[in-house]
Amino acid sequence: MTMPLPEHVLPQTARPRPRLVVIGNGMAGMRTVEELLRLDGSLYDITVFGAEPHGNYNRILLSPVLAGEKTVDDIIINSREWYATHGITLHSGDPVVAIDRHRCRVRSASGHEVAYDRLLLATGSRPFVIPVPGAQLPGVIAFRDLHDVQTMLAAARARDHGRAVVIGGGLLGLEAANGLKRQGMDVTVVHVMDSLMERQLDKPAAALLRQALERRGIRILLEAQTEAILGEDHVTGLQFANGERIAADLVVMAVGVRPNVELAKTAGLHCERAIVVDDTLQSLSDPRIYAVGECVQHRKATFGLVAPIWEQARVCATHLAGHGHRRYVQAATSTRLKVTGIDLFSAGDFVGGPDTEDLVFRDPRRGTYKRLVLRGNRIVGAVLYGDVGDGSWYFELMQQGTDISAIRNRLVFGRAFCEAAT
């Protein structure tokens, strides 16, 4: 007669790993996965769904691809082999179209269903399209992903020295204009405001930028409000509110983005401008669901810069891994930009007000401009054009609230000058 084994020596079967499903194969979602793998590579069974038919790539480097300075291979962050090596199931080109929170399952466009124990939303944002007549014509595109870049390159090749119009004078629009110019197109930038990059630059710096772009052969039209996009079977031009018209073979809209929250809303998650999350990046509606990146709203703020999104990824991964309760705290950010070979830096309150003072340095001949905004002998904002080498130092002084009264008279000349005099 065989006696049963005591309970304490019964063979143990391995418990299945919890399932993490990531919706969005972009930079924010995959940075979170990378951080999670660093903390514990064996904790989750990970499945990733992406709308684009590629591995993860660096969206910030799309402009150099358009300009011909980099190839698609140069901007790939995680190849398909990387996913396989880390045991991650990737469904590329197959976006999730439904979330069943009661059954804890997602369904993709192809009908593929996957169950989850934890769900990470990293759906990013969608380009905003100006709602004017003709906006849906062939030849009118956004500048958001690799497909858009490939469309622009094809248009430039098909229409040698064709006419491109970029609507939007922010960073993305100017990068698109530069790339299309480098591809041989005749380029006009149309901007509704009275200065370029008004969110990052004050008007003197914006004026220098405009001059530099025009020297490169890019036409700039400010205070130009697009009323209609012209054409029947293909775009042929633009008409403005003042009645003026310009010809165009290609129109690129770069007028901003909106958080991509339709999927979250349909699933019943609490959304305002974006998916509302707490300090651990968990959705307010469902603790099993997290969100990071441009689709997130945290304490009324939304996000588009890399630095805060990288911090979100670290905090979210820490919480998913069960390594304590690290909290996401918003911090001041600086912007260091490179537009068509022109260096720009801005941080903080560069506009100022009645209670601030400006320290300004101008060297038009060398194309250098610096403006430091002070409040109570502390830097609260900065704009640098041309010479941005001290940008990080100024930002550090601003973050630390350093009293600069001892170096005030030398501050605008930079760190080396200040330290040499002490």
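All heavy atoms count here, side chains included; hydrogens, waters and symmetry mates do not. For reference, positions follow the sequence shown, starting with 1.
- Between I229 and L137, the shortest heavy-atom contact is O-CD1, 4.0 Å.
- We find the CG-CD1 distance between L374 and I404 to be 4.5 Å, quoted to the nearest 0.5 Å.
- When the shell of 6.0 Å around CG of D355 is examined, it contains more than 12 heavy atoms from other residues, nucleotides or ligands.
- Expressed to the nearest 0.5 Å, how far CZ of R258 lies from CZ of R126 amounts to 13.0 Å.
- If you check the side chains of S42 and D40, you find a donor sitting under 3.5 Å from an acceptor.
- Two residues are said to be in side-chain contact when any heavy atoms from C-beta on lie closer than 4.5 Å; L36 and L20 meet this criterion.
- For Q225, the CD atom is loosely surrounded, since the number of other residues' heavy atoms within 6.0 Å does not exceed 12.
- At least one side-chain heavy atom of I167 sits less than 4.5 Å from a side-chain heavy atom of L238.
- Each ring-ring contact (aromatic ring centres under 6.0 Å, His included) pair with one or both residues in residues 186-206, not counting sequence neighbours, would appear here, but there are none.
- Side chains of S285 and S283: a donor-acceptor N/O pair is absent below 3.5 angstrom, by distance only.
- The pair R163-D186 does not meet the salt-bridge criterion, since no charged nitrogen lies less than 4.0 angstrom from a carboxylate oxygen.
- Between E35 and R38, at least one side-chain N (NZ, or NE/NH1/NH2) sits under 4.0 Å from a carboxylate O, which counts as a salt bridge.
- For the pairing with D279, the side chain to side chain donor-acceptor pair (under 3.5 Å) check across H298, R326, Q330 returns one residue only, H298.
- Looking at L250 and M185, their side chains come closer than 4.5 Å, going by heavy atoms from C-beta outward.
- Between Y83 and S79, the shortest heavy-atom distance links the atoms CD1-O, 3.0 Å.
- Nearest heavy atom pair, residue V351 against residue R371, reads O-NH2, 3.0 Å.
- Summarising the local packing, CZ of R59 is surrounded by more than 12 heavy atoms from other residues, nucleotides or ligands at distances under 6.0 Å.
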List the steps, then state whether side-chain contact (heavy atoms from CB on, under 4.5 Å) holds for D278 with L284. CA-CA 7 Å; D278 65 14; L284 297 190; 4.0 Å; yes
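- Here the shortest heavy-atom pairing between C316 and L281 reads CB-CB, 4.1 Å.
- No hydrogens or angles considered: a donor-acceptor pair under 3.5 Å links the side chains of D94 and S110.
- In this structure, Q297 contributes its side chain and R273 its backbone to a donor-acceptor pair below 3.5 Å.
- Between D387 and K370, at least one side-chain nitrogen of the basic residue sits less than 4.0 Å from a carboxylate oxygen of the acidic one, meeting the salt-bridge criterion.
- For CD of Q400, the number of neighbouring non-hydrogen atoms (other residues, nucleotides, ligands) closer than 6.0 Å is greater than 12.
- A heavy-atom distance below 4.5 Å is not found between the side chains of V252 and V165.
- Ring pair Y328/F303 is perpendicular by interplanar angle, where above 60° counts as perpendicular and below 30° as parallel.
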Decide yes or no on side-chain contact (heavy atoms from CB on, under 4.5 Å) for Y394 and L411, but give the supporting numbers first. CA-CA 9 Å; Y394 290 135; L411 186 64; 4.0 Å; yes
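- Remark: side-chain polar atoms of R101 are paired, donor with acceptor, to backbone N or O of A267 under 3.5 angstrom.
- S405 and D403 share a side-chain donor-acceptor pair at under 3.5 Å.
- Taking the charged nitrogens against the carboxylate oxygens, D349 and R375 do have a contact shorter than 4.0 Å, which makes a salt bridge.
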Could you walk me through whether F361 and D363 satisfy the side-chain contact (heavy atoms from CB on, under 4.5 Å) test, starting with their C-alpha distance in whole Å, then the side-chain angles of each, then the deciding distance to 0.1 Å, before giving a yes or no? CA-CA 7 Å; F361 173 86; D363 186 346; 4.0 Å; yes
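- Taking the side chain as every heavy atom from C-beta outward, Q312 and R31 never approach each other to under 4.5 Å.
- Side chains of I88 and V22 form no contact here, defined as non-hydrogen atoms less than 4.5 Å apart.
- Formation of a donor-acceptor pair under 3.5 Å by the Y44 side chain with backbone atoms of L320 is found in this model.
- Rounding to the nearest 0.5 Å gives a distance of 8.0 Å between CE of M152 and CG of L62.
- Atom CZ of R299 has 12 or fewer neighbouring heavy atoms from other residues, nucleotides or ligands inside a 6.0 Å radius.
- Within the 4.5 Å cutoff, the side chain of S63 has heavy atoms near those of the F143 side chain.
- Between atom CD1 of residue I23 and atom CD1 of residue I289 there is a gap of 8.0 Å, rounded to the nearest 0.5 Å.
- In this structure, the separation between CZ on F49 and CG on L90 is 9.5 Å, given to the nearest 0.5 Å.
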Apply side-chain contact (heavy atoms from CB on, under 4.5 Å) to the pair D145 and H54, showing each step before the final yes or no. CA-CA 11 Å; D145 56 29; H54 319 284; over 6 Å; no
Taking it one step at a time, do R105 and D100 satisfy salt bridge (Lys or Arg N to Asp or Glu O under 4.0 Å)? CA-CA 5 Å; R105 300 181 73 85; D100 185 336; over 6 Å; no
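- Shown here for G68 and Q183, the closest heavy-atom pair between the two residues is N-NE2, 3.8 Å.
- What you find for P259 and C295 is that their closest heavy atoms are CB-CA, 4.2 Å.
- Between W82 and H86, the ring-plane angle classifies as tilted under the 30° and 60° cut-offs.
- In this model, no donor atom of one side chain and acceptor atom of the other lie less than 3.5 Å apart for D148 and T151.
- Of the charged side-chain nitrogens involved, at least one lies within less than 4.0 Å of a carboxylate oxygen, so that D117 and R19 count as a salt-bridged pair.
- In this model, a donor atom of one side chain and an acceptor atom of the other lie less than 3.5 Å apart for D202 and Y369.
- Once rounded to the nearest 0.5 Å, the distance linking CD1 of I379 with CD of E396 reads 10.5 Å.
- Not a single salt bridge (charged side-chain N to carboxylate O under 4.0 Å, His left out) links R199 to another residue, sequence neighbours left out.
- At a threshold of 4.5 Å between non-hydrogen side-chain atoms, the residues I246 and F240 count as touching.
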